[in-house]
Number of protein chains: 2
Amino acid sequence: MSVITVLLVDDHLVVRSGLKALLGTQPDIEVVAEASSGEEALAAVEGHAPDVVVMDLAMGPGMDGIEAIRKLRERNRRQAVLVFTTYDSDADIVRAVDAGAMGYLLKDAAPEEIFAAVRGAVQGKSVMSPPVASRLFQQLRNPDEVLTPREAELLSLLTEGLSNRELGQRLFISEATVKTHLAHIYAKLGVETRAAAIATAIRREGMR
Amino acid sequence: MSVITVLLVDDHLVVRSGLKALLGTQPDIEVVAEASSGEEALAAVEGHAPDVVVMDLAMGPGMDGIEAIRKLRERNRRQAVLVFTTYDSDADIVRAVDAGAMGYLLKDAAPEEIFAAVRGAVQGKSVMSPPVASRLFQQLRNPDEVLTPREAELLSLLTEGLSNRELGQRLFISEATVKTHLAHIYAKLGVETRAAAIATAIRREGMR
DNA sequence: TGGTCTCTCAGCCTTTTGGCTGATACCGCC
DNA sequence: GGCGGTATCAGCCAAAAGGCTGAGAGACCA
């Protein structure tokens with residue numbers, strides 16, 4: 001069995017260091033490169049052609065993890081991407097899977113889970129932490145609760161504290177339309193006021 | 001020079017592992033114990049009497065970091081507590097310092113910063129990441145922007161999406177009083193609507 | 001003792017928001 | 001060609017939120 005080469009992408013040195021120490025205990029896994037941003041990750045993939053990329057989603061300013069995953073796929077690389085992040089927000093999960101992630105792990109995952117995910121990824125197997133999987137199932141079971149792209153866009157702006165009027169101006173639609181979208185969003189999120197929608201969005205949807 | 005003993009408290013194994021690897025490179029620093037919750041931390045301090053406790057603030061369910069720091073101080077322990085966390089929210093910083101933290105580091109801190117903070121802590125020196133320090137200075141310069149305890153309490157409930165009426169019921173005050181507090185909060189946060197206040201609170205004040 | 005801060009409350013008025021109903025248009029799909 | 005989903009818009013009404021002014025009580029401090 002050949003060694004699996006891994007690229008670590010996380011803006012926190014401590015996390016990279018910990019992941020490297022953990023993966024280093026496995027004889028069949030080797031960390032061949034590290035990156036602290038999406039840009040660096042792209043360059044590192046070019047240079048090292050790793051089998052697996054383990055990537056955080058939140059990486060400070062610049063390209064975020066999702067964008068980096070998408071860019072990697074555009075370049076027709078064959079390496080598998082594993083998302084390794086702190087939050088299991090619905091929006092992030094969907095977006096990451098959509099962008100082409102092979103797996104989705106939470107940072108409190110057990111070492112065995114991480115090892116299994118890395119090994120699975122090179123074989124084309126999807127691995128995700130139980131909480132992540134259950135969220136995905138929930139979405140599949142309740143498709144009524146999935147926001148449309150336009151609604152998600154609106155919700156995202158909503159979390160910046162804009163009024164209906166401002167939302168309309170920003171999206172080039174009338175205030176009436178804004179209100180219609182909001183009504184749908186409230187229904188899907190199970191809330192009744194914009195305040196609760198914002199709270200839910202930022203916490204549950206991870207729209208920070 | 002004797003070796004500095006350290007207790008690591010973080011609910012993420014990866015972070016503990018990384019921190020341990022990093023600190024392990026320093027001959028005068030030794031990680032003698034780890035804990036993944038506030039409860040465990042308290043027990044570990046009893047058992048190992050470390051010189052320094054490096055603690056994350058967010059630790060899933062149960063006792064959070066702030067509470068753990070407070071409990072440690074109540075027990076008259078002499079170890080220094082260093083906060084090591086991802087976010088530099090105003091509220092967390094103030095609360096941590098208030099609870100008795102000796103330093104406040106962000107997880108993207110350079111290794112040298114971390115080492116210096118650990119060494120400084122045992123000598124009674126406060127060390128904090130530059131972004132954290134600047135936030136504290138900002139608060140000292142603009143005391144007008146500091147929320148009163150009652151306002152902070154209200155803001156916290158606000159981020160749960162409650163209406164004015166509900167806020168009043170929850171706090172046993174009239175709706176009029178709620179509105180007064182809100183007006184003050186808006187002024188201090190520099191916003192004009194509750195939506196913006198919630199967004200600001202969750203993002204800047206770290207009220208998740 | 002007087003000043004300042006904080007917390008509490010009230011009334012009045014305007015703006016914003018949310019609930020409801022109904023409507024048009026485009027798109028993809030069976 | 002119709003049907004469901006999405007996106008757009010309008011009008012009406014009630015409820016909620018926000019701006020403004022003023023004010024009393026208690027705490028704390030100089």
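Each chain gets a letter, A, B and so on, in the order the sequences are listed, and its residues count up from 1.
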(message) Could you measure the distance from the CG atom of B:Leu182 to the CG atom of B:Leu167? Nearest 0.5 Å is fine.
(response) 6.5 Å
(message) What's the separation between atom CG in A:Asp51 and atom CD in A:Gln123, rounded to the nearest 0.5 Å?
(response) 11.5 Å
Measure from [atom1] on [X] to [atom2] on [N] and round the result to the nearest Å.
{"X": "A:Lys179", "N": "D:dA15", "atom1": "NZ", "atom2": "C1'", "result": "12 Å"}
{"X": "A:Asn164", "N": "D:dA16", "atom1": "CG", "atom2": "P", "result": "17 Å"}
{"X": "B:Arg194", "N": "D:dA17", "atom1": "CZ", "atom2": "P", "result": "4 Å"}

Short N/O separations, protein against nucleotides 3-7 of chain D, under 3.5 angstrom:
| residue | atom | partner | partner atom | Å |
| --- | --- | --- | --- | --- |
| D:dA7 | OP1 | A:Arg150 | N | 3.2 |
| D:dA7 | OP2 | A:Thr148 | OG1 | 2.5 |

(message) Among residues at least two apart in sequence or on other chains, which ones pass side-chain hydrogen bond (donor to acceptor under 3.5 Å, both in side chains) with B:Ser174?
(response) B:Thr177
(message) Closest-nucleotide mapping onto DNA chain C: is B:Leu154 or B:Thr193 further toward the 5' terminus? I mean the 5' end.
(response) B:Leu154
(request) On DNA chain C, reading 5' to 3', which nucleotide is the first and which the last to sit with an atom under 4.0 Å from a heavy atom of chain B, could you check? (result) C:dT6 to C:dA10
(request) Report the residue from B:Val15, B:Val52, B:Leu19 that forms a side-chain contact (heavy atoms from CB on, under 4.5 Å) with B:Leu8. (result) B:Leu19
(request) Could you tell me whether B:Glu175 contacts a base, only the sugar-phosphate backbone, or nothing, with contacts defined as non-hydrogen atoms closer than 4.0 Å? (result) nothing
(request) Check A:Ile114 against A:Phe84 and note the closest heavy-atom contact, atom names and distance. (result) CD1-CE1, 3.9 Å
(request) Grab the two heavy atoms, one from B:Ile198 and one from A:Ala195, that are nearest each other, plus how far apart they are. (result) CD1-CB, 3.4 Å
(message) So that I can tick it off, tell me whether B:Asp56 and B:Arg16 are bridged by a salt bridge, with the cut-off set at under 4.0 angstrom between side-chain N and carboxylate O.
(response) no
(message) Treating B:Glu166 as the side-chain partner and B:Leu162 as the backbone partner, does any N or O pair qualify as donor plus acceptor under 3.5 Å?
(response) no
